[in-house]
Amino acid sequence: MKVRLTQDQENVEDAEDVQFEIWKANSQEESELIEAKHEKEGIYSVKKTFQEDRIYYVQTHVTARGMHVMPKKQFVVGNVSEEAEEDQSHGSH
């Protein structure tokens with residue numbers, strides 16, 4: 001997973017802290033926090049292998065230049081039926 005950090009259309013190369021918090025839908029209390037590695041051109045990344053076909057969430061925790069932002073995205077790993085998708089995503093709202 002990768003995130004590109006920018007401020008005023010310029011890449012942020014000096015972030016103080018970038019972490020990816022990953023959890024299964026309906027299980028945020030069991031989240032995993034992974035420290036990101038700075039690559040180049042404002043890109044920070046982590047590697048993660050997923051064992052289950054499920055709906056997951058990732059929230060990037062970024063501290064840089066006196067600011068803290070936490071964008072969150074939902075994504076699907078593997079094949080998840082529409083019914084399972086509805087069941088899993090309802091508990092996260």
Side-chain angles (χ1 to χ4, degrees):
M1 294 185 194
K2 295 182 180 191
V3 64
R4 183 177 196 167
L5 305 181
T6 60
Q7 186 177 44
D8 297 327
Q9 285 101 29
E10 291 186 17
N11 294 329
V12 173
E13 306 292 341
D14 59 349
E16 296 156 37
D17 187 39
V18 180
Q19 297 182 44
F20 285 67
E21 182 179 10
I22 302 165
W23 67 92
K24 298 173 189 171
N26 300 328
S27 299
Q28 187 169 5
E29 66 280 354
E30 298 172 19
S31 68
E32 178 181 7
L33 208 54
I34 306 170
E35 188 78 29
K37 181 181 113 188
H38 179 242
E39 291 184 12
K40 60 181 178 178
E41 299 175 357
I43 296 175
Y44 295 77
S45 67
V46 298
K47 290 186 180 182
K48 167 78 177 153
T49 302
F50 295 89
Q51 304 297 328
E52 287 183 63
D53 289 3
R54 289 190 64 105
I55 295 173
Y56 290 86
Y57 288 87
V58 60
Q59 186 163 29
T60 309
H61 298 266
V62 177
T63 303
R65 301 178 181 176
M67 298 176 67
H68 186 76
V69 293
M70 300 175 9
K72 180 171 100 172
K73 295 281 183 188
Q74 176 185 336
F75 63 98
V76 176
V77 171
N79 296 315
V80 178
S81 71
E82 286 185 30
E83 287 177 9
E85 191 170 325
E86 281 187 27
D87 290 344
Q88 290 179 25
S89 62
H90 281 269
S92 306
H93 294 288

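Please read these numbers as outputs of a predicted model, since none were measured by experiment.
- If you chain together hydrophobic residues whose side chains sit under 4.5 Å apart, M1 and V77 fall into the same group.
- Here the shortest heavy-atom pairing between N11 and G42 reads CB-N, 3.7 Å.
- Residues V69 and I22 share a hydrophobic cluster, clusters being chains of Ile/Leu/Val/Met/Phe/Trp/Tyr side chains in contact below 4.5 Å.
- Closest non-hydrogen pair, R54 versus A25, comes out as NH2-O, 3.4 Å.
- D8 meets the salt bridge (Lys or Arg N to Asp or Glu O under 4.0 Å) test with no other residue; sequence neighbours excluded.
- Atom CZ of residue F20 and atom CD of residue E35 lie 10.5 Å apart, to the nearest 0.5 angstrom.
- Checked against salt bridge (Lys or Arg N to Asp or Glu O under 4.0 Å), K37 has no partners two or more places apart in sequence or in another chain.
- The shortest heavy-atom contact between L5 and A15 is CD1-CB, 3.9 Å.
- Contact of the V46 side chain with the Y44 side chain is not registered, since no non-hydrogen atoms from C-beta on lie closer than 4.5 Å.
- The NZ atom of K24 lies 11.0 Å from the CD atom of E29; values are rounded to the nearest 0.5 Å.
- Side-chain atoms of Q74 do not come within 3.5 Å of backbone N or O of Y57 as any donor-acceptor pair.
- Under the 4.5 Å side-chain heavy-atom criterion for grouping Ile, Leu, Val, Met, Phe, Trp and Tyr, I43 is not connected to V62 through any hydrophobic cluster.
- In this structure, the separation between CD1 on I55 and CG on N26 is 8.5 Å, given to the nearest 0.5 Å.
- Of the inter-residue distances, the one linking I34 atom CD1 with K47 atom NZ reads 12.0 Å to the nearest 0.5 angstrom.
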* Please step through side-chain hydrogen bond (donor to acceptor under 3.5 Å, both in side chains) for the pair E16 and T63, ending with a clear verdict. => CA-CA 6 Å; E16 296 156 37; T63 303; 5.7 Å; no
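- Within 6.0 Å of CG on D14 lie more than 12 heavy atoms contributed by other residues, nucleotides or ligands.
- Between F75 and Y56, the two ring planes are parallel [angle under 30°; tilted spans 30° to 60°].
- With rounding to the nearest 0.5 angstrom, the CD atom of E13 is 3.5 Å from the NE2 atom of H38.
- Taking CD from Q7 and CZ from R65, the interatomic distance works out to 5.0 Å, rounded to the nearest 0.5 Å.
- Shown here for S45 and K2, the closest heavy-atom pair between the two residues is CB-CG, 3.7 Å.
- Criterion: ILVMFWY side-chain heavy atoms under 4.5 Å apart, direct or through other members. Under it, M70 and V58 are not part of a common hydrophobic cluster.
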